[in-house]
Amino acid sequence: MDILQSIISQRLGSIDIESAIDFAVKQHHEELEDLNTMQLDEGVDMEGKSLGSYGKLVYKGRYQPVDLKKTGDWRKSQKVTSQKGVIEMTASNWKTRVLIEGKGKQKGYGEDILGLPKKDLESGEVGGILLNSIILEVKRQING
């Protein structure tokens with residue numbers, strides 16, 4: 001029994017869960033990026049706070065929701081990555097800084113416009129998306 005326990009302990013000790021999370025995020029990046037898009041469609045940031053109202057009706061033909069989508073270029077530039085198990089969302093479009101910080105009299109929307117929705121993290125939605133891929137990678141690590 002001690003030999004079996006020793007073998008199992010060695011294999012379990014070699015599991016790199018952070019690497020498994022990185023693997024899963026890479027496999028499911030589109031689904032995770034869609035979570036951010038869906039929250040913006042609702043007019044809220046990742047914390048669930050309203051992005052407010054458009055200043056002029058002519059801009060989008062409505063005041064709400066503020067979806068931060070005019071041409072779609074900014075949203076298309078959003079990418080989710082994971083390094084050492086830390087999931088991060090970035091956007092490479094030039095509008096990113098303006099949307100976050102604002103410009104001139106235009107107020108920015110803050111850093112929370114980019115990220116996985118808190119409600120989806122807390123409800124287990126994100127974990128559900130990633131779980132099977134994490135398990136697959138852990139099995140691969142165990143089997144060497």
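Ion pairing of R140 with E137 is present here, as a side-chain N (NZ or NE/NH1/NH2) and a carboxylate O approach within less than 4.0 Å. One finds no salt bridge joining D112 and K118 here, because no Lys/Arg side-chain nitrogen approaches an Asp/Glu carboxylate oxygen to under 4.0 Å.
Atom CD of E101 sits in a crowded spot, with more than 12 heavy atoms from other residues, nucleotides or ligands closer than 6.0 Å. Annotation for R62: atom CZ counts as buried by contact number, over 12 foreign heavy atoms lying within 6.0 Å. Environment of CD in E111: sparse, with no more than 12 heavy atoms of neighbouring residues, nucleotides or ligands closer than 6.0 Å.
Closest heavy-atom contact between K56 and Y63: C-CE2, 4.0 Å. Taking every heavy atom of both residues into account, S53 and Q64 meet most closely at OG-NE2, 3.2 Å. Nearest heavy-atom pair across I21 and S82 is CG2-OG, 3.8 Å. Minimum interatomic distance between L116 and L121 (heavy atoms only, all atoms of both residues): O-CD1, 4.0 Å.
The structure places CD1 of I100 at 5.0 Å from CG of L114, a figure rounded to the nearest 0.5 Å. Interatomic distance, I113 CD1 to M46 CE, rounded to the nearest 0.5 Å: 11.5 Å. Taken to the nearest 0.5 Å, the CG atom of L32 stands 9.5 Å off from the CG atom of D120. A distance of 9.5 Å separates CG in D22 from NZ in K84, rounded to the nearest 0.5 Å.
For the pair I134 and F23, the minimum side-chain heavy-atom distance is 4.5 Å or more. Looking only at side-chain heavy atoms (C-beta outward), K60 and D67 come within less than 4.5 Å of each other. Inter-residue side-chain proximity for W74 and V98 is flagged as unmet; no heavy-atom pair is nearer than 4.5 Å. By the 4.5 Å heavy-atom criterion applied to side chains, N36 and Q39 are counted as neighbours. When side chains are defined from C-beta on, S19 counts as touching Q141, because their heavy atoms get closer than 4.5 Å. No side-chain heavy atom of N132 sits under 4.5 Å from any side-chain heavy atom of L136.
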inquiry  = Test side-chain contact (heavy atoms from CB on, under 4.5 Å) on E33 and M89; report intermediate values, then the result.
reply    = CA-CA 8 Å; E33 291 158 4; M89 185 166 284; 4.2 Å; yes

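V25 and M38 fall within the same hydrophobic cluster, defined by Ile, Leu, Val, Met, Phe, Trp and Tyr side-chain heavy atoms under 4.5 Å apart, directly or through other members. Both Y59 and V66 are assigned to one and the same hydrophobic cluster, defined by single-linkage of ILVMFWY side chains at heavy-atom distances under 4.5 Å. Residues I129 and I135 are members of separate hydrophobic clusters, defined by side-chain heavy-atom contacts under 4.5 angstrom among Ile, Leu, Val, Met, Phe, Trp and Tyr.
With sequence neighbours left out, the side chain to side chain donor-acceptor pair (under 3.5 Å) criterion links Y109 to no other residue. Partners of K69 under the side chain to side chain donor-acceptor pair (under 3.5 Å) rule, at least two apart in sequence or in another chain, do not exist in this structure.
Using modelled atom types, no side-chain atom of S133 and backbone atom of L130 make a donor-acceptor pair closer than 3.5 Å.
Between H28 and the options E31, E30, K26, a side-chain hydrogen bond (donor to acceptor under 3.5 Å, both in side chains) holds for only E31. When L40, L35, D41 are each tested for a side chain to side chain contact (heavy atoms under 4.5 Å, CB included) with T37, only one passes: D41.
Between the side chains of T81 and E88, not a single donor N or O lies within less than 3.5 Å of an accepting N or O.
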